[in-house]
**Student:** 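So that we are looking at the same thing, I have put the structure below in structure tokens.
Throughout, a chain's letter reflects where its sequence line sits, starting with A, and its residues are numbered from 1. These values consider heavy atoms only, across backbone and side chains, with no hydrogens, waters or symmetry-generated copies.
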Amino acid sequence: FDEIIVDLATKRKQYPRKILECVIKIIKAKQE
Amino acid sequence: STTISRLKLLDTTVDTFLQKLIAAGSYQRFTDCYKCFYQLQPEMTQRIYDKFMTQLQTSVREEISDIKAEGNLEAVLNALDTIAEEGKDRKELAWRPSGKPEEDLRSTLMPYFLQQRDALQRCVRKQEAENRQLAGAVLAGRRQVEELQLQGQAQWQAWQALHRGQKELVAVLRES
Amino acid sequence: MSVDPMTYEAQFFGFTPQTCMLRIYIAFQDYLFEVMQAVEQVILKKLDGIPNCEITPVQIRKCTEKFLCFMKGRFDNLFVKMEQLFLQWILRIPPNILLPEDKSQESHSYSEEEFQLLQKEIEQLQEKYKTELCTKQALLAELEEQKLVQAKLRQTLTLFDELQNVGRNHGTSDFRDSFVFLVQNSRKLQSIRDNVEKESKRLKIS
């Protein structure tokens with residue numbers, strides 16, 4: 001249970017930023 | 001009102017825990033439990049008890065230091081102090097993950113999509129303005145072409161008339 | 001009782017506070033047991049050194065258990081209080097605090113509809129922008145074409161002007177007028193010639 005929580009929390013911390021980086025790349029590519 | 005740092009609170013809490021634990025395990029209590037040995041060797045009992053307490057405290061403090069080092073607690077707790085200090089004026093409950101990642105992610109992404117939309121709107125407006133100017137230039141150019149065509153037309157007709165006149169002249173001259 | 005998994009704290013610390021406390025509890029407990037064991041070993045060793053000692057190891061073990069049982073009880077009580085303090089004041093994200101990585105949640109939470117609407121709006125704007133760019137290309141193309149046509153037309157007009165100039169260079173200010181003048185002159189000449197011919201006939205006859 002603990003590992004699941006830590007794993008989930010880690011994803012919550014990291015994934016939005018990673019996804020955001022991809023989205024920003026896509027937006028920039030579309031603009032170019 | 002004075003906010004104590006989390007790190008200091010941690011150390012104080014552990015100190016208090018140890019003090020109370022040692023107070024609970026008093027020498028009196030120790031000798032009560034080890035009465036037979038105490039009666040035989042009172043000085044030795046005192047030394048063993050002192051050593052026992054010292055060792056227990058040393059081990060506990062070392063453990064806490066290890067945990068601080070492993071979890072980088074010093075920096076992390078200080079960072080949390082800073083974050084809490086920055087947000088201390090906020091009274092209402094802060095947002096917490098909803099458990100629906102796509103929902104939470106929407107708010108993360110929206111500001112960037114809004115920026116993209118604003119940027120696109122600016123581009124469209126700029127291009128529309130530029131096209132309005134170009135359209136004006138095209139209309140002016142069309143008028144210019146029309147003007148030149150009319151001029152050319154007029155010149156052409158004049159020459160045509162001339163040409164007809166020329167034919168008449170020739171006819172006249174030939175008659176004569 | 002529902003367990004608070006403290007996932008938001010785990011997001012910040014990288015571990016769950018409960019695990020941290022469990023780790024501390026087990027470590028502290030181990031030390032207590034170890035030190036107690038060491039105390040008992042030392043006492044037994046001391047007793048070994050005492051001749052005709054009546055105290056047996058079993059007795060010492062009982063003493064140890066008695067003291068340890070008491071200490072463990074106090075230890076657990078105190079640890080519960082320490083754990084509460086830790087989980088409440090140290091390893092906890094205050095309920096009114098948002099972590100930096102979640103700053104974007106602070107402003108405004110958006111519904112699915114708003115999100116879709118914005119996506120749609122962006123697509124429409126992209127289409128509109130493409131249209132405007134095509135319009136720009138078309139306008140520029142026409143401007144280029146106009147330049148060519150105008151150059152051609154001006155070339156033609158220049159030709160006419162040059163023709164005009166040819167006339168002017170040879171004394172005729174305006175071709176057309178001079179041409180009209182020419183035609184008039186030739187008509188005059190014709191009528192003079194006709195007159196002359198008539199006169200000569202008349203003279204012959206007379």
**Student:** Evaluate the side-chain contact (heavy atoms from CB on, under 4.5 Å) criterion for residues C/Q11 and C/D102: first the C-alpha distance (whole Å), next the side-chain angles of each, then the deciding distance (0.1 Å), finally the verdict.
**Tutor:** CA-CA 11 Å; C/Q11 182 177 322; C/D102 294 327; 3.3 Å; yes

**Student:** Heavy-atom cut-off 4.5 Å, strictly under: side chain, backbone, both or neither for B/D32 against chain C?
**Tutor:**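 Contact with chain C involves the backbone of B/D32 alone.
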
**Student:** Go through B/A79, B/S5, B/P111, B/P97 and name the one with the most non-hydrogen pairs under 4.5 angstrom from chain C.
**Tutor:**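 Result: the option with the highest number of such pairs is B/P97.
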
**Student:** Give the ring-plane orientation class for B/F30 versus B/Y34, where under 30° counts as parallel, over 60° as perpendicular and anything between as tilted.
**Tutor:**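 Rings of B/F30 and B/Y34: tilted, 30 to 60°.
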
**Student:** Surrounding NZ of C/K103 (heavy atoms of other residues, nucleotides or ligands, distance under 6.0 Å), is the total greater than 12?
**Tutor:**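 It does: C/K103 NZ has more than 12 such atoms within range.
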
**Student:** Would you mind checking which part of C/I55 comes under 4.5 Å of any heavy atom in chain B, side chain (CB onward), backbone (N, CA, C, O), both or neither?
**Tutor:**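 The answer is the side chain of C/I55.
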
**Student:** Is C/E121 in contact with chain B via its backbone, its side chain, both, or neither, using a 4.5 Å heavy-atom distance?
**Tutor:**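 Contact with chain B: side chain only.
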
**Student:** Is a side-chain donor-acceptor pair under 3.5 Å present for C/E112 with C/Q116?
**Tutor:**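 Side chains of C/Q116 and C/E112: pair found under 3.5 Å.
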
**Student:** So which part of C/L125 gets closer than 4.5 Å to some heavy atom of chain B, the side chain, the backbone, both or neither?
**Tutor:**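 For C/L125, heavy atoms of backbone and side chain both lie under 4.5 Å from chain B.
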
**Student:** Can you find a side-chain donor-acceptor pair between B/Q46 and B/D50 that sits under 3.5 Å?
**Tutor:** yes

**Student:** Evaluate the criterion side-chain contact (heavy atoms from CB on, under 4.5 Å) for residue pair B/L109 and C/Y110; output intermediate values, then yes/no.
**Tutor:** CA-CA 10 Å; B/L109 299 179; C/Y110 295 91; over 6 Å; no

**Student:** Under 4.5 Å heavy-atom distance to chain B, tell me which part of C/L118 shows up: side chain, backbone, both or neither.
**Tutor:** side chain

**Student:** In terms of heavy-atom proximity below 4.5 Å to chain B, should C/E106 be classed as side chain, backbone, both, or neither?
**Tutor:**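 Contact with chain B: side chain only.
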
**Student:** C/F67 versus chain B, heavy atoms under 4.5 Å apart: side chain, backbone, both or neither?
**Tutor:**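 Both parts, heavy atoms under 4.5 Å.
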
**Student:** Would B/T82 and B/E86 count as a side-chain hydrogen bond (donor to acceptor under 3.5 Å, both in side chains) here? Give the steps.
**Tutor:** CA-CA 6 Å; B/T82 309; B/E86 283 163 6; over 6 Å; no

**Student:** Check each atom of C/Y8 against the heavy atoms of chain B and say whether the ones under 4.5 Å are side chain, backbone, both or neither.
**Tutor:** side chain

**Student:** Is it the case that B/E62 and B/T58 place a side-chain donor and acceptor less than 3.5 Å from each other?
**Tutor:** no

**Student:** Could you look at C/E145 and say if it's the side chain, the backbone, both or neither that has a heavy atom under 4.5 Å from chain B?
**Tutor:**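 Neither part.
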
**Student:** Are B/R61 and B/L18 packed together at the side-chain level, in the sense that at least one heavy-atom pair is separated by less than 4.5 angstrom?
**Tutor:**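 Contact flag for B/R61/B/L18 side chains = yes.
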
**Student:** At a 4.5 Å cut-off on heavy atoms, which part of B/L114 comes close to chain C: side chain, backbone, both, or neither?
**Tutor:** both

**Student:** Measure B/Q41 against the heavy atoms of chain C and call it side chain, backbone, both or neither at under 4.5 Å.
**Tutor:**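 Only the side chain of B/Q41 comes within 4.5 Å of chain C.
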
**Student:** Between C/T135, C/D30, C/L189, which shows the greatest number of heavy-atom pairs under 4.5 Å with chain B?
**Tutor:**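 Top option by heavy-atom pairs under 4.5 Å: C/T135.
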
**Student:** Output the option from B/M110, B/R6, B/E92, B/M44 having the highest count of non-hydrogen pairs under 4.5 Å with chain C.
**Tutor:** B/M110

**Student:** Which region of B/L148, side chain (C-beta onward) or backbone (N, CA, C, O), has a non-hydrogen atom less than 4.5 Å from a non-hydrogen atom of chain C, or is it both or neither?
**Tutor:** both

**Student:** Assess the residue pair B/K91 and C/N96 against the criterion (side-chain contact (heavy atoms from CB on, under 4.5 Å)); give the C-alpha distance rounded to whole Å, side-chain angles, the decisive distance to 0.1 Å, and a yes or no.
**Tutor:** CA-CA 6 Å; B/K91 295 308 170 219; C/N96 65 325; 5.9 Å; no

**Student:** Using a strict cut-off of less than 4.0 Å between a Lys/Arg side-chain nitrogen and an Asp/Glu carboxylate oxygen, indicate whether C/E114 and B/R106 qualify as a salt bridge.
**Tutor:**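 No, C/E114 and B/R106 are not salt-bridged.
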
**Student:** Begin with the C-alpha distance, continue with both residues' side-chain angles, and end with the deciding distance and a verdict on ring pair (Phe, Tyr, Trp, His ring centres under 6.0 Å) for B/F17 and C/F28.
**Tutor:** CA-CA 11 Å; B/F17 169 81; C/F28 282 15; 5.5 Å; yes

**Student:** Considering only heavy atoms, which portion of C/F15 lies under 4.5 Å from any heavy atom of chain B: side chain, backbone, both, or neither?
**Tutor:** side chain

**Student:** Can you tell which part of B/Q121 gets under 4.5 Å to a heavy atom of chain C, answering side chain, backbone, both or neither?
**Tutor:** both

**Student:** Hey, which of C/R74, C/R187, C/E54, C/E101 has the most heavy atom pairs under 4.5 Å with chain B?
**Tutor:** C/R74

**Student:** Can C/Q119 and C/E123 be counted as having a side-chain donor-acceptor contact under 3.5 angstrom?
**Tutor:** no

**Student:** Could you tell me which portion of C/I93 (side chain, backbone, both or neither) has an atom closer than 4.5 angstrom to a non-hydrogen atom of chain B?
**Tutor:**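 Both backbone and side chain.
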
**Student:** Given the options C/K136, C/K66, C/M82, which has more heavy-atom pairs under 4.5 Å with chain B than any of the others?
**Tutor:**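 Greatest number of close heavy-atom pairs with chain B: C/K136.
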
**Student:** Would you mind telling me which of C/L133, C/L140, C/T64, C/V42 has the largest number of heavy-atom pairs within less than 4.5 Å of chain B?
**Tutor:** C/T64

**Student:** Please look at C/F86 and chain B and tell me whether the side chain, the backbone, both or neither of the residue comes under 4.5 angstrom of a heavy atom of that chain.
**Tutor:** side chain

**Student:** Using a strict cut-off of less than 4.0 Å between a Lys/Arg side-chain nitrogen and an Asp/Glu carboxylate oxygen, indicate whether C/D76 and C/K72 qualify as a salt bridge.
**Tutor:** yes

**Student:** Parallel under 30°, tilted from 30 to 60°, perpendicular over 60°: which one fits the rings of B/Y38 and B/Y27?
**Tutor:**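 It falls in the perpendicular class, over 60°.
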
**Student:** Report which part of B/K51 has an atom under 4.5 Å of a heavy atom belonging to chain C: side chain, backbone, both, or neither.
**Tutor:** neither

**Student:** With a 4.5 angstrom heavy-atom cut-off, could you sort out which part of B/E70 is near chain C: side chain, backbone, both or neither?
**Tutor:** side chain

**Student:** Counting heavy-atom pairs closer than 4.5 Å to chain C, which one of B/D81, B/D104, B/I83 comes out on top?
**Tutor:** B/I83

**Student:** Return the option, out of C/F79, C/F13, C/F115, C/W89, with the maximum number of heavy-atom pairs under 4.5 Å with chain B.
**Tutor:**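 Of C/F79, C/F13, C/F115, C/W89, C/F115 has the most heavy-atom pairs under 4.5 Å with chain B.
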
**Student:** Quiz question: by atom type and distance under 3.5 Å, do the side chains of B/E63 and C/Y31 form a donor-acceptor pair?
**Tutor:**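 There is such a pair between these side chains.
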
**Student:** Between C/C53, C/G14, C/P95, C/P100, which residue shows the highest count of heavy-atom pairs closer than 4.5 Å to chain B?
**Tutor:** C/P95

**Student:** Between B/Q127 and B/N131, do the side chains contain a donor N or O and an acceptor N or O under 3.5 Å apart?
**Tutor:** yes

**Student:** Quick check on the interface: out of B/K88, B/K20, B/R96, who has the most heavy-atom pairs with chain C under 4.5 Å?
**Tutor:** B/R96

**Student:** Side chain, backbone, both or neither: which part of C/S111 has an atom under 4.5 Å from a heavy atom of chain B?
**Tutor:**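 Backbone of C/S111 only, per the 4.5 Å heavy-atom cut-off to chain B.
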
**Student:** With a 4.5 angstrom heavy-atom cut-off, could you sort out which part of C/E65 is near chain B: side chain, backbone, both or neither?
**Tutor:** neither

**Student:** Pick whichever of B/L77, B/V124, B/V138, B/L134 has the most heavy-atom pairs under 4.5 Å with chain C.
**Tutor:** B/V138

**Student:** Of the backbone (N, CA, C, O) and the side chain (C-beta and beyond), which part of C/L159 lies under 4.5 Å from a heavy atom of chain B, both, or neither?
**Tutor:**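 Neither part.
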
**Student:** Under 3.5 Å, side chain of C/Q59 to main-chain N/O of C/T56, donor-acceptor pair present?
**Tutor:**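 Answer holds: yes.
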
